[in-house]
Amino acid sequence: MHDANPIHWRQVILSLSPAALLLGIFFGAYAIFLFYSVHPPATGGAAADAGWTLKYYLRYFASANERNTLWRTFVISVELTLACIVIGYPMAYVMVRSQSSFLRKFLIVSLVVTFLSGTVTRAYAWLIILGNRGLINTLLMKIGLTDSPLHLVYNETGVFISLLHFVLPFFVLTMMGPLKNIPRSLEDAAINLGAGRLRCFLLVTLPMSVPGLVAAGSLAFAVALSSFLFPLVLGGGRFRMVSNAIYEHIFQAFDVPMAAASASVFLVISLLFFWGFGVLQRMVGQGPTNQAH
Amino acid sequence: MHPDHKPYSRSVLLMAVLTALFLLAPVVFIVIFAFHDGAYFVIPPTGFSFKWFENFFSNERFRHAMLVSFGIGALVTPLSLAISVPTAYALVRGRFPGRDAISMLIMSPLIVPGVVTGLAFLILMSALGIGPGFIGLMLGLTCFTLPFSVRALVANMHGLQPSMEEAARNLGAPASSVFWHVILPQLRPGLLAGGTFVFVEAIDNFSITVFLTTMNVTTLSVESYSYIRDFDDPTVAAMAAVLIALSTILVFVMNRLVGLEKMFRVE
């Protein structure tokens, strides 16, 4: 019957072929650039064929600059993930538990408008808000809290603030589903049996939301890790992330094999993280599923 | 007893509201700044003006970039949806080995850093002798947006009753008319939600796009980045205000048609 095999395999293959073609192009593009990182393309003036070489990878790992960029990218991504958990979790929780439909609407609109307002726009907005003669510094100096402007842009601070703003909606929108699936009755039971709100949170809500935290946290981490535009605009060349370094290899040094090698290293590292998060997700399980309301 | 207790304290509520204000602040700020008549930010504002809007719309490069961006959005969106509908159909209704692996592969353009994808497509287009430009942008952005549309349509398809399709089949409808007359009409919310995401992401994308634009084919995101790098006035704020107004209208329409909470899977 249809239940056992709802659609025929021929239909499956036919249905999947357009996506397969597109993904073929996608992975084909990756194959060529991985190839260029170990077998640089022949350039006009130089010898026709440079042959196989690992020198670009060796150069990458020998460079203290590249290693430092990789490390700082990793560190700021961890910090951003933690910050997202601290300020995003309460927001997601209020969104799914609030009785007030006005409050829920306000919170979702703030997320959606931010999501849709454009990344270049937001980078530009932060540049003017945080700049030396920007909103915050002008206000602080008017009030007299500081005589000279605080340095909030063209350094890690500006990149961190703007990236937190960028990553947060991804975290909150992913965190809401799992939180919504925690039955309210369990929290009510804990409170009615005399647990305080804190105990209820630590012993009921938090443990049940661990799978959601892993999912939303890994998304936030992945988004932070691959940031490009915000460090480009607010880092001012002084704070760079891996994506910026790759961009500089190709558009400032015009060094295709070096860009390909550093992109390959970055690709492998991000896939490793992705795989690690997958393992972690399987360890913590699915969490409560969508049936208890 | 706590018959009607709030599940969270006031401080948690305050934190949520402050976070929402933090999210809204730059958006509100940039819209107000677009109407400021001076080129530099000052408090108190010196006056009200539409001149940055005039500046934006009279700028040849911005006008051209707007055309390219909306053209790409208008082509990538139906392309991405057309590829995603049969894909989602096979993933939800098919039972075949390697289904999870295939759905992972389809999601992979989301996981790979945008700069890596942009570089890969730049090298591919150059290797093919086509070079960067419109075709590369179309291909790269269709790959990048595919996960968004597949995800929206898979979620939609999971909610459909297979019994309707079975009934049509048992009554003798051929597979093609089951698809066109039974399945497709029920996919409207998924197509709207997926299409919105694809359109917005295709227009907004910077990290892939910046590798594939040329002097003559440039998009709004890349053009506005070079503008803020080279000039110091609120023209880009005016552009932002226009785009934010457009996306707010879009949000209202979507809210009417699909419902925001459903679209962002709060439900």
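Order of the sequence lines sets the chain letters (A, B, ...), proteins ahead of strands, with each chain counted from 1.
Looking at A:Leu22, the atoms closer than 4.5 Å to chain B (heavy atoms on both sides) sit in the backbone and in the side chain alike. Only the side chain of A:Ile250 comes within contact range of chain B, judged by heavy atoms closer than 4.5 Å. Only the backbone of A:Arg133 has a heavy atom closer than 4.5 Å to any heavy atom of chain B. Heavy atoms closer than 4.5 Å to chain A are found in both the backbone and the side chain of B:Leu23. Both the backbone and the side chain of B:Ser224 come within contact range of chain A, judged by heavy atoms closer than 4.5 Å. Heavy-atom distances place both the backbone and the side chain of A:Val86 under 4.5 Å from chain B.
Contact count against chain B (heavy-atom pairs under 4.5 Å) is highest for A:Val94 among A:Leu23, A:Leu232, A:Val94.
Under the rule for a ring pair (Phe, Tyr, Trp, His ring centres under 6.0 Å), B:Phe199 has no partner lying at least two apart in sequence or in another chain.
Between B:Phe22 and A:His165, the ring planes are perpendicular. Angles over 60° get that label, and only those under 30° would be called parallel.
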Pairs under 3.5 angstrom only: tabulate donor-acceptor contacts from the side chains of residues 115-126 of chain B to other protein residues two or more places apart or in another chain.
unit_1: B:Thr117; atom_1: OG1; unit_2: A:Tyr30; atom_2: OH; d: 2.7
unit_1: B:Ser126; atom_1: OG; unit_2: B:Leu122; atom_2: O; d: 2.7

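Checking side-chain atoms of B:Asp204 against main-chain N and O of A:Thr119 turns up a donor-acceptor pair under 3.5 Å.
A ring-centre distance under 6.0 Å is found for B:Phe211 and A:Phe251.
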